[in-house]
Amino acid sequence: EVQLVESGGGLVQAGGSLRLSCTTSGFTFDRYAIGWFRQAPGKEREGALCTTSTDGTTYYQDSVKGRFTISSDNAKNTVFLQMNSLLPEDTAVYYCAAAPKVTITRQTMTSKLLYDYWGQGTQVIVSS
């Protein structure tokens, strides 16, 4: 059974930091890129904020570059999202998802249709 389980969300003040985790199982981790997405209240889910693969390839949307860092522990099939300098507009449910890494480039990373497997999400609330 494929599973992606997000954790680490919570309530934080503006300017603070959070580290999210995405623990995966049930698929060949090495063949997939893992992306982080978010869905703010009343809005559609955004395209991937960032993605990473086991070969170290990472991509970021300009909107989070410099504040968010994606990394992975390949031995544990787990991907992290370090979020710094959080803003109230970062408030959202954050999801991780897996796409065949051969399909993910800087140009395609934001396409939700490429991602086969999704987690249930973890809530992040940034207070002002």
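- Following chains of ILVMFWY side-chain contacts shorter than 4.5 Å, one cannot reach Tyr115 starting from Ile70, and the two form parts of different hydrophobic clusters.
- Tracing side-chain contacts under 4.5 Å through hydrophobic residues (I, L, V, M, F, W, Y), one never reaches Met83 starting from Leu87; they form parts of separate clusters.
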Report all side-chain donor-acceptor pairs from residues 5-24 shorter than 3.5 Å, counting only partners two or more places apart or in another chain.
unit_1	atom_1	unit_2	atom_2	d
Glu6	OE1	Gln120	N	3.1
Glu6	OE1	Gly121	N	2.8
Glu6	OE2	Cys96	N	2.9
Glu6	OE2	Gly121	N	3.3
Ser17	OG	Asn84	OD1	2.9
Thr24	OG1	Asn77	O	2.8

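- The backbone N or O of Thr108 lies less than 3.5 Å from no partner atom in the side chain of Ser111, so there is not a single donor-acceptor pair.
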| message | Could you go through Asp90 and Arg67, starting from their C-alpha distance and side-chain angles, then the distance that decides it, and tell me whether this counts as side-chain contact (heavy atoms from CB on, under 4.5 Å)? | response | CA-CA 11 Å; Asp90 293 319; Arg67 292 195 303 127; 2.7 Å; yes
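- Residues Arg45 and Gln39 come closest through the heavy atom pair NE-OE1, 3.4 Å.
- Here the side chains of Pro100 and Asp116 are in contact, with some heavy-atom distance below 4.5 Å.
- No donor-acceptor pair under 3.5 Å is formed between the side chain of Thr91 and the backbone N or O of Glu89.
- Side-chain atoms of Thr105 come within 3.5 Å of backbone atoms of Gln107 as a donor-acceptor pair (strictly under, hydrogens ignored).
- Lys101 places none of its side-chain heavy atoms less than 4.5 Å from the side chain of Thr103.
- A side-chain N or O of Thr57 and one of Asp55 form a donor-acceptor pair less than 3.5 Å apart.
- Clustering ILVMFWY residues whenever any of their side-chain heavy atoms sit less than 4.5 angstrom apart, transitively, puts Tyr32 in a cluster other than the one holding Met109.
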| request: Could you please spell out the steps behind the ring pair (Phe, Tyr, Trp, His ring centres under 6.0 Å) verdict for Phe27 and Tyr117? | output: CA-CA 9 Å; Phe27 61 95; Tyr117 309 123; 5.4 Å; yes
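- Using a 4.5 Å heavy-atom threshold, the side chains of Phe68 and Leu81 count as touching.
- Hydrophobic clustering (ILVMFWY, side-chain heavy atoms < 4.5 Å, transitive): Val64 and Phe37 are in distinct clusters.
- Under a 3.5 Å cut-off, the side chain of Gln61 and the backbone N or O of Lys65 do not form any donor-acceptor pair.
- Applying the ring-ring contact (aromatic ring centres under 6.0 Å, His included) rule to pairs touching residues 74-107 yields nothing, sequence neighbours excluded.
- Val79 is listed as a side-chain neighbour of Thr52, based on a closest heavy-atom distance under 4.5 Å.
- Under the 3.5 Å distance criterion, with hydrogens and angles disregarded, no donor-acceptor pair is assigned to the side chains of Asn74 and Thr54.
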